[in-house]
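Start at 1 and go down the list; that is how both ligands and their atoms are numbered. The structure displayed is predicted, hence computed values, not measured ones. Only this structure's heavy atoms are used, side chains among them; waters, hydrogens and symmetry mates stay out.
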Amino acid sequence: MNFSTVMPTYGRNDLVFEKGKGAWLTTTEGRRFLDFGSGIAVTVLGHSHPHLVSELKGQADKLWHTSNLYRISGQEKLAGRLVANSFADTVFFCNSGAEAIECALKIARRFHQAQGAKHKYRVITARGGFHGRTLAAISAGGQEKQLDGFAPKVDGFDQVSFGNLDEARLAITEQTAAMVVEPIQGEGGIVPASVEYLKGLRALADEFGLLLIFDEVQTGLGRTGKVFAYEWADVTPDIMALAKGLGGGFPVGACLATEHAAKFMIAGTHGSTFGGNPLAMAAANAVMDVILAPGFMDGVAAAADKLWAKIESLVLKHDMVFECVRGKGMMIGLKCKKTNTVVSAKILANGMLTVPAGDNVVRLLPPLTIGDLEIDSAISILDKSANELMN
Ligand SMILES: *Cc1c(COP(=O)(O)O)cnc(C)c1O
């Protein structure tokens with residue numbers, strides 16, 4: 001028998017990376033790649049960012065873990081910064097996106113049930129959404145492929161079409177507790193919600209007394225050119241899930257909420273052994289040091305504008321390979337006419353990492369720190385790849 005010691009739940013590329021610097025990765029064989037996948041929107045500041053490395057090393061010498069039975073100064077610092085820069089009043093720390101979503105769902109149920117509305121537990125979700133791989137998260141996401149073999153589905157999720165406010169309104173019942181949506185669907189294929197849709201969901205939540213949850217696990221932490229994607233729509237949720245970019249490559253998740261939504265999350269209602277440990281908080285605070293520094297997000301927006309201008313003309317030039325480009329900031333989806341996995345394999349062969357997504361899309365999720373060299377290199381690799389795909 002030849003069964004992999006690493007459970008083969010991923011179809012992996014046969015590449016082993018040894019080190020990284022900025023947007024560049026080097027394999028054990030010395031091949032260099034331009035990393036426009038960022039480990040699926042995680043390494044927002046690229047690899048081996050000097051500030052992240054020194055902060056993490058400094059913390060590693062002092063203290064790694066204590067559990068949440070004690071105060072953790074890094075948590076208090078990070079929570080204060082997340083609150084100061086968002087709609088939220090309070091933060092729960094965990095280790096991944098799925099856990100952040102679990103916390104969001106638990107806050108929403110408890111909000112109603114602690115007030116005596118024991119029948120309120122259902123959550124309206126959007127088709128094409130992705131919220132992680134726990135049993136509740138795959139049930140919320142509702143993708144048959146991810147649910148296959150894992151029945152029964154966790155009860156309490158009602159799916160509607162992404163972008164359709166009428167369907168959302170019709171799905172609301174006496175049992176509805178909350179709605180959850182990604183401001184830009186990531187795994188679903190970089191599908192942005194319109195401003196009107198997000199505003200409409202906010203209005204529905206207010207009208208029916210529901211909690212509005214934004215899943216910003218992928219869109220958060222500067223990915224779209226603002227610290228949080230909801231800022232583009234000028235709409236605030238009651239609860240928000242964060243993870244991917246938050247630790248810059250260290251596993252950190254967070255669930256943010258208003259005081260109102262989280263008022264029943266008292267001692268004993270939720271927990272995590274690892275969540276928010278001193279090492280994780282050092283990484284996330286280092287990421288925040290950079291992202292919140294004056295001018296940093298302006299630089300991201302400027303770099304994104306350059307990249308977008310070049311990608312838009314590339315897509316026009318190669319209209320037999322690409323159908324369109326969509327997304328925001330450094331969260332870019334190339335909808336393909338050729339099969340997306342074939343396109344991304346060709347781009348990989350030419351030295352650049354991308355991430356396939358739903359709806360036949362190839363995702364470009366570069367570090368926020370890219371400059372002209374990376375932008376020009378990416379465009380020339382994409383151009384070469386598209387040419388080769390036509391021959
Ligand atoms: C990646 C992702 C998740 C799940 O995060 P994990 O850290 O893999 O659990 C949840 N929601 C969205 C929008 C994501 O992109």
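- Taking the six-membered ring for Trp, H260 and F111 have ring centres closer than 6.0 Å.
- Ligand 1 has no N or O atom lying under 3.5 Å from any N or O atom of G132, backbone or side chain.
- Look at D61 and K57 and you find no salt bridge, because none of the NZ, NE, NH1 or NH2 atoms lies under 4.0 Å from a carboxylate O.
- Residues P367 and A23 share a closest heavy-atom pair of CG-CB, 3.7 Å.
- Of the charged side-chain nitrogens involved, at least one lies within less than 4.0 Å of a carboxylate oxygen, so that R202 and D238 count as a salt-bridged pair.
- In summary, the atoms of ligand 1 found under 4.0 Å from a heavy atom of Q218, numbered by their order in the structure, are 15 (O).
- Atom numbering of ligand 1 starts at 1 in the shown order; those under 4.0 Å from a heavy atom of S96 are 7 (O), 9 (O).
- Considering backbone and side-chain N/O of F130, one or more are found under 3.5 Å from N/O of ligand 1.
- Protein heavy atom at the shortest distance from atom 9 (O) of ligand 1 is A98 N, 2.7 Å.
- Residue E99 has no nitrogen or oxygen atom sitting less than 3.5 Å from a nitrogen or oxygen atom of ligand 1, judged on distance alone.
- Taking the charged nitrogens against the carboxylate oxygens, E259 and K263 have no contact shorter than 4.0 Å, which rules out a salt bridge.
- D319 has no carboxylate O lying under 4.0 Å from a charged side-chain N of K337, or vice versa, which leaves the two without a salt bridge.
- For atom 15 (O) of ligand 1, the closest heavy atom belonging to the protein is K244 NZ, 2.6 Å.
- Aromatic pair F228/F214: centroids not less than 6.0 angstrom apart.
- Using a non-hydrogen distance threshold of 4.0 Å, I101 does not register as a contact of ligand 1.
- Between D359 and R326 there is a salt bridge, since a side-chain N of the basic residue sits under 4.0 Å from a carboxylate O of the acidic one.
- Within the 4.0 Å heavy-atom criterion, neither part of A243 lies near ligand 1.
- Note: no N/O pair closer than 3.5 Å links E182 and ligand 1 by distance alone.
- Closest protein heavy atom to atom 11 (N) of ligand 1: D215 OD2, 2.7 Å.
- Among all non-hydrogen protein atoms, the one lying nearest atom 7 (O) of ligand 1 is G97 N, 2.8 Å.
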